[in-house]
A.B. asks: 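Mind having a look at this structure? Questions to follow.
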Amino acid sequence: MRVSQLFGKTQREIPAEADTVSHQLMLKAGMIRQVAAGVYAYLPLAWRVLKNIENIIRDEMDKAGGQEILMPALQPLELWQKSGRDRAFGEGLFVLTDRRDRKLALGPTHEEVVTELVKYNVQSYRDLPQLLYQIQTKFRDEPRPRGGLIRTREFSMLDLYSFDADEAGLDLSYNKMVEAYRNIFERCGLPAVMVEADSGAIGGKASHEFMLIAESGENEIITCNGCTYAANVEKAQFIKTKVGGGEPLPLEEVSTPGMASIEQVAGFLNVPEKRTLKAVFYMADGQLVFIVIRGDLAVNEVKLKNALGGADIRLATHAEVSQAGLVPGAASPIGVEGIKVIADDSITSGTNFVAGANKPGTHLKNVNYPRDFTPDTVTDIARARAGDKCVKCGGALQSSNGIEVGHTFKLGTFLSETLGAVFVDQSGVSRPIIMGCYGIGVGRLLAAAIEQNHDNKGIIWPKPIAPFQIHLCPLYMENPQVVTAAEKLYEEYRSKNVEVLLDDRPESPGVKFNDADLLGIPLRITISPRSLEKNSIETKWRWEKESKLQPLE
RNA sequence: CGGGGUGUAGCGCAGUUGGUUUAGCGCGCAGCGUUUGGGACGCUGAGGUCGGAGGUUCAAAUCCUCUCACCCCGACCA
């Protein structure tokens with residue numbers, strides 16, 4: 001390709017709206033163009049990279065035994081109502097009405113369609129297992145698209161679905177996919193970290209996310225510096241160290257005038273925060289819920305949501321708390337009636353805690369579980385933080401940001417049961433098919449690749465996904481020898497099917513070098529009168545500082 | 001949806017207390033010339049329904065009302 005003809009120009013100034021590095025660089029390099037919020041057009045440079053990524057994905061999916069199919073983006077809403085997931089997706093589902101007044105959804109994912117598909121093509125255990133995949137455009141009406149290609153409303157995704165006869169088969173399929181994903185990210189030059197993930201409202205036994213560590217990542221991930229434990233903070237567990245407290249003593253009321261926060265109360269009574277119990281209030285599907293957690297810990301809303309069976313939750317307002325007859329700032333789990341109480345299991349990590357007395361300016365000492373109060377549920381709803389102890393090895397946990405580029409999920413039989421995708425096993429019994437689903441965001445992967453591979457000059461493409469392998473930079477185009485040499489090299493590489501970009505513009509060296517650095521093609525070859533005198537050209541890898549003189553022929 | 005912000009040429013911006021404004025500047029774009037090893041310079045030129053609709057006024061980019069789009073911070077996800 002010749003730069004003079006390449007569709008898409010490099011910009012010197014970038015639109016003010018871009019603040020993510022990958023977004024800025026893609027706009028500057030003329031790779032993408034925004035058409036609407038979270039909707040992008042991909043210009044040749046971006047499209048070439050996307051195709052490279054897709055081909056790596058296809059190759060690995062095929063190697064793992066997957067079969068490629070293509071399902072429609074347009075899906076009857078009925079199908080979503082049948083599975084009940086129209087509610088789970090809610091506003092995120094793009095719904096439209098056709099001329100016959102039928103409702104259709106633009107597919108945000110394809111579990112329903114693929115399950116229907118399998119239902120009519122699988123009857124016997126002999127038809128299993130199956131690994132079906134596609135690379136296809138998904139539509140999700142995200143509440144807030146952001147970060148360029150990091151989070152869009154229309155995006156290309158690899159989605160593979162596994163269908164097995166038993167758990168052992170699912171495990172096998174799952175492991176194949178995990179392996180394939182590892183290969184994909186490695187081949188793309190991206191060190192992805194596999195972390196345990198929350199499996200969400202649908203349930204299921206296991207879920208993992210593949211994360212790229214990046215400042216701009218939207219997810220917090222917790223890793224252990226002593227072992228391989230890694231989890232999304234939504235899921236991350238940690239050891240709740242014992243805080244002691246001795247034999248349970250009788251309850252004692254103490255005056256704590258004006259002390260509302262844990263910090264204030266602990267300071268006032270001169271007890272460590274971890275020896276207090278904190279009350280937090282949430283509204284879950286419109287109902288007030290009383291949360292009790294050790295004072296030094298924070299509530300993990302995802303864990304809480306799961307403990308509440310997937311309810312919609314938000315923090316309750318002071319007014320809502322007062323209305324329920326509780327005293328914000330001094331609320332007590334003791335004697336609460338008619339309100340659901342969920343406690344973090346940290347309440348069992350010690351004795352004689354300080355807690356609210358449900359009287360203004362008053363707290364209680366020596367509060368003990370289960371002597372003084374009995375929550376409806378006691379489970380882990382605490383948020384792991386850097387410095388906490390690892391559940392696997394006791395080592396120190398660390399926190400970092402990650403971009404989620406892949407996600408694997410043991411779905412189980414939820415969908416096959418509701419949609420009636422069953423098979424007959426060896427003993428002639430009808431059973432639901434056991435499913436798994438696996439996704440990789442292709443555009444996001446492209447953006448993440450840039451997030452991880454750039455410098456202040458521009459992109460530094462990993463070779464396997466680079467839009468071109470070689471960038472020819474002839475300097476002083478008015479010199480016919482330069483042009484001849486450049487054209488010759490260009491033709492040579494083309495005849496060998498090497499992807500080569502020729503900067504045939506009559507631009508100054510500075511412009512060409514800067515554009516070359518911006519576009520980030522791995523190998524730059526400079527052709528100039530200076531080096532031609534020595535019958536040589538200059539080569540430079542994008543990630544290296546100095547160029548090398550290389551003899552021609 | 002809650003909070004904050006922005007819409008003026010392909011991009012970055014100024015102009016916004018109504019009136020020399022024929023709406024400017026820089027980059028980019030076209031032509032000519034001089035240059036050129038890390039985003040050169042001069043001259044000439046093209047490019048705008050000032051997001052949209054309605055209103056106030058002798059006069060609106062500028063004031064009022066409504067509306068649309070986009071960005072950023074929070075709840076969701078590949």
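Chain letters run A, B, ... following the sequence lines, proteins first and then strands; every chain starts at 1.
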A.B. asks: When you compare B/G3 with B/U8, how far apart are their P atoms, in angstrom units rounded to a whole number?
C.D. replies: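 Going atom to atom, P in each nucleotide, I get 25 Å.
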
A.B. asks: Applying a 4.0 Å non-hydrogen cut-off, can you work out what A/Ile14 is touching in the nucleic acid: base, sugar-phosphate, or nothing?
C.D. replies: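 The answer is sugar-phosphate, as A/Ile14 gets under 4.0 Å only of primed atoms, P, OP1 or OP2.
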
A.B. asks: Could you check whether A/Arg151 pairs with A/Glu404 (Lys NZ or Arg NE/NH1/NH2 to Asp/Glu carboxylate O, under 4.0 Å)?
C.D. replies: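 No.
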
A.B. asks: Report the base-pairing partner of B/C77 (Watson-Crick or G-U wobble, both distances below 3.5 angstrom), or none.
C.D. replies: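 Base partner found: none.
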
A.B. asks: With side-chain contact (heavy atoms from CB on, under 4.5 Å) as the test, would you mind laying out the steps for A/Leu501 and A/Val3 before giving the verdict?
C.D. replies: CA-CA 7 Å; A/Leu501 186 66; A/Val3 174; 3.7 Å; yes

A.B. asks: What's the gap between B/G74 and B/U16 when it is taken at their P atoms, as a whole Å value?
C.D. replies: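 Roughly 35 Å separates the two P atoms.
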
A.B. asks: In terms of side-chain geometry, is the basic nitrogen of A/Glu234 or A/Lys303 positioned less than 4.0 Å from the acidic oxygen of its partner?
C.D. replies: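 The answer is no: the pair does not qualify as a salt bridge.
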
A.B. asks: Taking protein heavy atoms under 4.0 Å as touching, what does nucleotides 67-75 of chain B look like 5' to 3' if B marks base contact, S marks sugar-phosphate-only contact and - marks none?
C.D. replies: ---SSSBBB

A.B. asks: Ignoring hydrogens, what is the shortest heavy-atom contact between A/Ala18 and A/His23? Give both atom names and the distance.
C.D. replies: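 Taking every non-hydrogen atom into account, CB-ND1, 3.5 Å.
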
A.B. asks: So which nucleotide does B/U65 pair with, by the Watson-Crick or G-U wobble rule with both distances under 3.5 Å?
C.D. replies: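 The answer is B/A53, by the H-bond criterion.
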
A.B. asks: Checking only heavy atoms, does the side chain of A/Glu13 share a donor-acceptor pair with the base of B/G28 at less than 3.5 Å?
C.D. replies: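 When only heavy-atom distances are counted, A/Glu13 does not reach the base of B/G28 through any donor-acceptor pair under 3.5 Å.
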
A.B. asks: Quickly work out the A/Asn232 CG to B/C76 P distance and round it to whole Å.
C.D. replies: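 Going from CG in A/Asn232 over to P in B/C76 covers 11 Å.
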
A.B. asks: Can you tell me, in whole Å, how much space there is between the C1' of B/G28 and that of B/A40?
C.D. replies: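 The same atom, C1', in both gives a distance of 15 Å.
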
A.B. asks: Between A/Lys138 (NZ) and B/C77 (C1'), how many Å, whole number?
C.D. replies: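 These atoms are roughly 14 Å apart.
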
A.B. asks: Whether A/Arg2 and A/Glu487 form a salt bridge (side-chain N of Lys/Arg under 4.0 Å from carboxylate O of Asp/Glu) is what I want to check.
C.D. replies: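 Salt bridge: yes.
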
A.B. asks: Base contacts versus sugar-phosphate-only contacts with protein, heavy atoms under 4.0 Å: please encode nucleotides 30-42 of chain B as B, S and - from 5' to 3'.
C.D. replies: ------BBBBS--

A.B. asks: Please measure how far the C1' atom in B/A78 lies from the corresponding atom in B/G5, and state the result in whole Å.
C.D. replies: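 Comparing C1' positions in B/A78 and B/G5 gives a spacing of 29 Å.
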
A.B. asks: For the C1' atoms, the ones on B/C66 and on B/U56, what distance do you get once it is rounded to whole angstrom?
C.D. replies: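 Straight-line distance between the two C1' atoms is 15 Å.
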
A.B. asks: Provide the distance between the two P atoms, one in B/C27 and one in B/A23, to the nearest whole Å.
C.D. replies: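 It works out to 22 Å between them.
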
A.B. asks: Could you tell me the Watson-Crick or G-U partner of B/A14, where both distances fall under 3.5 Å? Say none if there is no partner.
C.D. replies: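 When the pairing criteria are applied, nothing turns out to pair with B/A14, so the answer is none.
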
A.B. asks: Can you find a donor-acceptor pair, distance only, under 3.5 Å between A/Arg314 side chain and B/C1 base?
C.D. replies: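 Counting by modelled atom types and ignoring angles, no donor-acceptor contact under 3.5 Å is found here.
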
A.B. asks: Heavy atoms under 4.0 Å, any strand shown: does A/Gly92 hit a base, just sugar-phosphate, or nothing?
C.D. replies: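 The residue A/Gly92 makes no contact with any strand.
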
A.B. asks: What distance, rounded to whole Å, do you find between the two C1' atoms, one in B/G47 and one in B/C25?
C.D. replies: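 My reading of the C1' atoms in B/G47 and B/C25 gives 15 Å.
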
A.B. asks: Salt-bridged, A/Glu116 to A/Lys82, with N to O below 4.0 Å?
C.D. replies: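 So A/Glu116 pairs with A/Lys82 through a salt bridge.
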
A.B. asks: In the strands shown, is B/A30 matched to any nucleotide by a Watson-Crick or G-U wobble pair with both distances under 3.5 Å, and which?
C.D. replies: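 Its partner is B/U44.
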
A.B. asks: Can you see whether A/Ser162 engages A/Tyr438 through a side-chain donor-acceptor pair at a distance of less than 3.5 angstrom?
C.D. replies: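 A pair is found: one side chain offers a donor N or O, the other an acceptor, under 3.5 Å apart.
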
A.B. asks: What orientation do A/Trp541 and A/Trp543 show, parallel under 30°, tilted 30 to 60°, or perpendicular over 60°?
C.D. replies: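 The rings of A/Trp541 and A/Trp543 lie parallel, inter-plane angle below 30°.
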
A.B. asks: With a 4.5 Å heavy-atom cut-off, do A/Ile53 and A/Ile57 have their side chains touching?
C.D. replies: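 Sidechains of A/Ile57 and A/Ile53: in contact.
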
A.B. asks: Figure out the CD/P separation between A/Glu234 and B/C76, and round it to whole Å.
C.D. replies: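 Between P of B/C76 and CD of A/Glu234: 7 Å.
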
A.B. asks: Considering Watson-Crick and G-U wobble pairs with both distances under 3.5 Å, what does B/U20 pair with?
C.D. replies: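 Base-paired to nothing in any strand shown.
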
A.B. asks: Is B/A60 paired to anything, Watson-Crick or G-U wobble with both distances less than 3.5 Å, and if yes, which nucleotide?
C.D. replies: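 Its partner: none found.
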
A.B. asks: What is the separation between atom OH on A/Tyr161 and atom C1' on B/A78, rounded to the nearest whole Å?
C.D. replies: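 Whole-Å distance recorded here is 11 Å.
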
A.B. asks: For A/Ser4 and A/Asp504, which heavy atoms make the closest approach, and how far apart are they?
C.D. replies: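 The pair with the smallest heavy-atom distance is OG-OD2, 2.7 Å.
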
A.B. asks: Is the ring pair A/Phe89/A/Trp80 parallel, tilted or perpendicular, if the boundaries are 30 and 60 degrees?
C.D. replies: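 A/Phe89 vs A/Trp80 ring planes: perpendicular.
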
A.B. asks: Please report the distance separating the P of B/C13 from the corresponding atom of B/U6, rounded so that it comes out in whole Å.
C.D. replies: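 Taking atom P in both B/C13 and B/U6, they lie 12 Å apart.
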
A.B. asks: Return the nucleotide paired to B/C70: Watson-Crick means purine N1 to pyrimidine N3 with N6-O4 or O6-N4, wobble means G-U with N1-O2 and O6-N3, both under 3.5 Å.
C.D. replies: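 Because both required distances fall under 3.5 Å, B/C70 counts as paired with B/G5.
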
A.B. asks: From CZ of A/Arg85 over to P of B/C77, roughly how many Å is that when rounded to an integer?
C.D. replies: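 Going from A/Arg85 (CZ) to B/C77 (P), I get 11 Å.
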
A.B. asks: Please work out if A/Thr152 contacts a base, only the sugar-phosphate, or nothing of the nucleic acid, heavy-atom cut-off 4.0 Å.
C.D. replies: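 Base contact.
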
